[in-house]
Colleague: 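Here it is, the structure, as structure tokens.
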Amino acid sequence: MALPKTLPGFREFYPEAMAVRRFLFNVWRESALAFGFQEYDGPVLEPLELYTRKSGDEIEAQLFSFTDKGGREVALRPEMTPTVCRLVGAKANALKRPIKWFSIAEFYRYERMQKGRGRSFFQFNADIFGEAGPEAEVELIALLVQCLRRFGLSEADVYIRLSDRDLWLLYLEEYGFSPEETADVLSAVDKLEKLGDAAFRGYEEKHGALAPEKREAIQALFGVRGFEALAALVQSLGNERLQARLAQWRQLLDGLEAMGVGSFVEVDLGVVRGLSYYTGFVFEAFDRKGDLRAIAGGGRYNDLVRRYGGPDLPAVGFAIGDMTFQLLLEARGLLPTMVQAADVYAIIGGPAERQKALRVVADLRMAGVRAEYPLRQVGFGKQFKLADQSGARLALIFGEDEVQRGVVKLRDLRSGEEEDVELARAVAAVRERLHGG
RNA sequence: GUGGCUGUAGCUCAGUUGGUUAGAGCACCAGAUUGUGGAUCUGGGGGUCGCGGGUUCGAGUCCCGUCAGCCACCCCA
């Protein structure tokens, strides 16, 4: 009788893997806190409707959804954005603005597994609500860069492609595309990089052949790399609203420079992001080598809070996934070896000494010192081996001689240095050794 | 959902044209070892050979199916 196996795509964290996970999370959390973001969380299980209302059925196909015992249609959360929109929307009037929130949470998608993608994964999400100007984007992109740099990743490892759905909309309008056509053009643009001209097939089936000059116009904006090229293209059109949008771009790029993160960012109108709820600036982070899928992605979604029943509240956010991120750190040799070592290992002579030793161990632990000892009585020599293997810096030797004299021997396992310490002073002596030198 | 590759111990793998009771290294446990170190030696536990069926006197080995994993497509909130 075999035990039931782990569900495909779900992850188990043995202590070593858990240490890596905690390392990632800690750095992300510290980064967000340094930026003044506040941590929140929401339910893992949500009404199915939360995810089906705004998007198509393809998304529903990738949901972990079922009917619960009360007959409710429910789904495991596949992303945080709807939840956070609801949370913020429900209390928007009571929340001090700008609302800067982050979370580190597990998500679920019913997908085929692949390198860097499972059916369960963690994401760091950071969002700013209530700020319509590009200052919010500056803050978020700076946080994203901080989340990279704190691990030792530089602009040589990662770059951020920065684009703008607003500008795309204005541009397409200028070329006479209707709103319905615009959505399908953007969907084609999203695939243009991979598929080439074939990307327009879906559009043409729906809206008829694409005039050559329109196609050229799309290709022109799609190919824009760098602000100079963007400015040149926009100015050639003489459209006032596009000009105004360009001013926003300038403000954003100046802010990023001032924050010292400009070197990570590349203006690249080839990105539009598949999701239809994005309304303005969008960005995606990739590794320079191009071996991995996207590391992070985000953008502005000014309509979403309102669409979830809240007030009109501008919003920007991004997410970093843990799987690809960890692969990147591994590939660059930036994952430190995780040590879960004790500080002190107690070496215990016999049953009589054990009484004294456990008391000291308990006191050490109460003082926040990681203290270990052999649960079962084993030979002295063996205990030294165990102490060594535990990675502890110090050993406390509770031998018969020592305990009878009312002392314990404190041994530095690195230098071999030993000294006798009064039992009552054992905790203090250990702390001096650990912190003092 | 589509296609390719791969499944033998916790890990890395060996296993002859199909032939007795499936092996090694690492890891783990114990002993040597009742007062000083990641060593050494000895021993031990651990396998329905992913699972199911078929061919055969006989299958880890050949065939079919299935499941799982990896990779690519699709998708990517």
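These figures come from a predicted structure and were not determined experimentally. To find a chain, count down the sequence lines: A is the first, B the second, and so on, and within it residues start at 1.
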Colleague: Closest to the A:K115 side chain: B:G35, B:A72, B:G37?
Modeller: B:A72

Colleague: Side chain of A:F384, heavy atoms from C-beta onward: which of B:U36, B:G1, B:C75 has the nearest atom to it?
Modeller: B:U36

Colleague: Within this structure, what is the CZ-to-C1' distance between A:R293 and B:A72, rounded to whole angstrom?
Modeller: 10 Å

Colleague: Suppose we define a pair by two distances each less than 3.5 Å, Watson-Crick or G-U wobble; what does B:G44 pair with here?
Modeller: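 Pairing partner: B:C28.
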
Colleague: Identify, with sequence neighbours excluded, every residue that meets side chain to side chain contact (heavy atoms under 4.5 Å, CB included) alongside A:L48.
Modeller: A:T52, A:E60, A:L63, A:S65, A:E73, A:A75

Colleague: Can a side chain N or O of A:Q114 be found less than 4.0 Å away from OP1 or OP2 on B:A72?
Modeller: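 Affirmative; the distance criterion is met.
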
Colleague: Taking A:E139 first and then A:K100, would you say they form a salt bridge - that is, a charged N and a carboxylate O separated by under 4.0 Å?
Modeller: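 Salt bridge between A:E139 and A:K100, a charged N being under 4.0 Å from a carboxylate O: yes.
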
Colleague: Is it true that atom CZ of A:R431 has more than 12 heavy atoms of other residues, nucleotides or ligands lying nearer than 6.0 Å?
Modeller: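 No, CZ of A:R431 has 12 or fewer neighbouring heavy atoms, counting only those of other groups under 6.0 Å.
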
Colleague: Compare side-chain N and O positions of A:R112 against OP1 and OP2 of B:A68 and report whether any pair is under 4.0 Å apart.
Modeller: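 A:R112 to B:A68 OP1/OP2: no side-chain N or O under 4.0 Å.
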
Colleague: Is A:D401 paired with A:K409 through a side-chain N to carboxylate O contact shorter than 4.0 Å?
Modeller: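 Answer for the salt bridge query: no.
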
Colleague: Check whether the side chain of A:Q383 and the base of B:U36 form a donor-acceptor pair under 3.5 Å.
Modeller: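 Answer no: no donor N or O sits under 3.5 Å from an acceptor.
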
Colleague: Quick test of your reading of the model: are A:D312 and A:R306 salt-bridged, counting only N-O distances below 4.0 Å?
Modeller: yes

Colleague: Nearest whole Å is fine: how far is B:C71 C1' from A:L292 CG?
Modeller: 14 Å

Colleague: Just to be sure I understand the geometry, which residues of residues 394-405 of chain A put a non-hydrogen atom under 4.0 Å away from RNA chain B?
Modeller: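 A:I397, A:G399, A:E400, A:D401, A:E402 - these, ordered by number, are the residues of the stretch whose heavy atoms sit under 4.0 Å from the strand.
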
Colleague: Give a yes or no on whether a donor-acceptor pair under 3.5 Å exists between the nucleobase atoms of B:G37, that is its base, and the side chain of A:R414.
Modeller: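 By the distance-only test, no, there is no pair.
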
Colleague: Between the side chains of A:S390 and A:E372, does any donor sit under 3.5 Å from an acceptor?
Modeller: no

Colleague: Just compare B:U36, B:G38, B:C70 and give me whichever is closest to any side-chain atom of A:R411.
Modeller: B:U36

Colleague: Does A:K382 have a side-chain nitrogen or oxygen under 4.0 Å from the phosphate oxygens OP1 or OP2 of B:U36?
Modeller: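 Negative; the distance criterion is not met.
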
